[in-house]
Number of protein chains: 2
Amino acid sequence: MVCKSGIDYSLYLVTDRQLLAGKDLLATVEQAIRGGVTLVQLREKELCTREFYHWAQRLKTVTDTYGIPLIINDRADIALAVDADGLHVGQEDMPLSVARQILGTEKIIGVSVSSVEEALAAQAGGADYLGVGAIFATATKRDADSVSLPGLQRIKEQTRLPVVAIGGIQAANVRRVMETGVDGAAVVSAVIAASDPYGAALTLTRRIKEC
Amino acid sequence: MVCKSGIDYSLYLVTDRQLLAGKDLLATVEQAIRGGVTLVQLREKELCTREFYHWAQRLKTVTDTYGIPLIINDRADIALAVDADGLHVGQEDMPLSVARQILGTEKIIGVSVSSVEEALAAQAGGADYLGVGAIFATATKRDADSVSLPGLQRIKEQTRLPVVAIGGIQAANVRRVMETGVDGAAVVSAVIAASDPYGAALTLTRRIKEC
Ligand code: NI
């Protein structure tokens, strides 16, 4: 169990098995952690419950080895099943209040928001961090609302929660994202689809730390 | 909360919104309960978590009104979220042991099985009842294993748990099913797709009670 306070959200990896292009998920995540990823979210929409559970179990072995928090997307049952560090809920997922009731106060709960209103509602509802996006256009989450960099900055300024930006973030644009004052950048394809996930994560880490 | 012992599994309704043909889900379930349905399972594979949660909430209002147990298919998080009476897991869902750990001993947990081996494993693992099928060919669950009536009878004879048969059960064949000695018949389209769900449930109830 990772302590909830003092979590480093700076390089937040979101999985997507469909972007691996033949690479192994666990090896990819492990290399990414060695390259500087500070937190891992398992996000897999196409799996049956049993497969999701098995991947969560295996991923937790990796994140536990490195002392990195594991967050499960959407599924509080899977988060409970593997005793993950937390849950991430979108606006189409379980309401925050219900998720909190199921998971208790010790688990991290993050909420996807794309406006100051949603951000303040999540904050008032007891979210631990905010995922804000999509910042740049992305092929992995086509239905996401979009948030500009000034919009991201407004959300950061008007809330007191850690803010993680998400959506199309790559080495080439991560600096612009971090300069808004947010606490972290979430990446998917920039690391998962990279032929060298370690190198990709390392480059991102360096650019984030320079900010 | 329905007491776990003494549950009447005789006419077990499984929902499928795609078979409603324009009818309202809640009204259909309510009429089915008035017609004799003794237990309701919410099974909806195509919904996002928030919609699943909302349907579960609304359905629970109906089942609570009639003192009928509500079982959630697959999703322990939804079962917890609405304080449902139980969870039904298939072989592709969460392992029984994990579901039990999440839900605790007071919740009903049913397991889909299609062989004596799976039935005995579920029994040893602490299942409260068995769902056995598919007994007859069905359009709603094409990928299901099939179980003959003699196979159903063997599972009932070799286990001590309540057995609910499922798969293509209709008024025309429910008597043959119940004559194997099982504790109940699960129906989907026979009630959900019926133009008169009350009448359909009533006919099924009478045929089941005659056995
Ligand atoms: Ni429920």
Side-chain angles (χ1 to χ4, degrees), chain A residues 41-60 71-84 86-105 107 109-113 118 121-122 125 127 141-145, chain B residues 41-60 71-84 86-105 107 109-113 118 121-122 125 127 141-145:
Chain A
Q41 179 191 131
L42 178 62
R43 181 171 77 188
E44 298 293 342
K45 290 285 185 191
E46 307 303 324
L47 298 175
C48 68
T49 297
R50 182 156 302 192
E51 291 238 343
F52 198 159
Y53 167 67
H54 282 152
W55 281 112
Q57 274 190 310
R58 284 172 277 188
L59 204 50
K60 184 147 196 299
I71 304 287
I72 304 293
N73 187 64
D74 180 18
R75 298 288 300 266
D77 51 349
I78 305 293
L80 288 171
V82 305
D83 192 23
L87 178 73
H88 188 89
V89 291
Q91 301 288 326
E92 290 294 292
D93 300 338
M94 190 168 278
L96 171 58
S97 58
V98 180
R100 179 61 75 197
Q101 206 177 333
I102 292 177
L103 292 176
T105 54
K107 298 290 188 193
I109 303 183
V111 179
S112 293
V113 302
E118 286 178 354
K141 225 179 164 186
R142 286 167 216 261
D143 58 344
D145 291 322
Chain B
Q41 179 191 131
L42 178 63
R43 181 173 75 190
E44 299 294 342
K45 291 286 188 190
E46 307 304 324
L47 298 175
C48 69
T49 297
R50 182 157 299 193
E51 292 236 342
F52 198 159
Y53 167 67
H54 282 150
W55 281 113
Q57 273 190 313
R58 284 173 276 188
L59 203 51
K60 185 145 194 295
I71 304 288
I72 303 295
N73 187 64
D74 179 20
R75 297 287 301 263
D77 51 349
I78 305 294
L80 287 171
V82 305
D83 194 24
L87 178 74
H88 188 87
V89 292
Q91 302 287 327
E92 290 294 292
D93 300 337
M94 190 169 276
L96 171 58
S97 59
V98 180
R100 179 61 76 196
Q101 208 178 331
I102 292 177
L103 292 176
T105 53
K107 297 292 186 191
I109 303 183
V111 179
S112 292
V113 301
E118 286 178 355
K141 225 181 163 184
R142 286 166 216 264
D143 58 345
D145 291 322

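A note on names: the letters A, B, ... follow the listed sequences, proteins ahead of strands, and every chain is numbered from 1.
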Donor-acceptor pair between A/Asp74 and B/Thr49 side chains, under 3.5 angstrom: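 Result is yes, a qualifying pair exists.
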Rounded distance [0.5 Å steps], CG in B/Leu80 versus CD in A/Gln101: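 Those atoms lie 9.5 Å apart.
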Gap separating the CE atom of B/Met94 from the CZ atom of A/Arg75, nearest 0.5 angstrom: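 Result: 6.5 Å between the selected atoms.
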Heavy-atom pair with the smallest gap, counting every atom of A/Ile102 and B/Asp77: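 Here A/Ile102 and B/Asp77 meet closest at CD1-O, 3.3 Å.
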Option in A/Ala79, A/Ala76, A/Ala99 with maximal non-hydrogen atom pairs under 4.5 Å from chain B: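 Among the listed options, the one with the most contacts to chain B is A/Ala76.
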Pairing residues for A/Gln91 by the side-chain hydrogen bond (donor to acceptor under 3.5 Å, both in side chains) criterion, not counting sequence neighbours: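 Testing A/Gln91 for side-chain hydrogen bond (donor to acceptor under 3.5 Å, both in side chains), a comparison that skips the adjacent residues, returns none.
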Sequence-distant partners of B/Arg100, side-chain hydrogen bond (donor to acceptor under 3.5 Å, both in side chains), two or more places apart: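 Only B/Asp128 meet the side-chain hydrogen bond (donor to acceptor under 3.5 Å, both in side chains) criterion with B/Arg100.
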Side-chain (A/Arg50) to main-chain (B/Glu92) donor-acceptor, under 3.5 angstrom: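 Here the side-chain-to-backbone pair does not exist.
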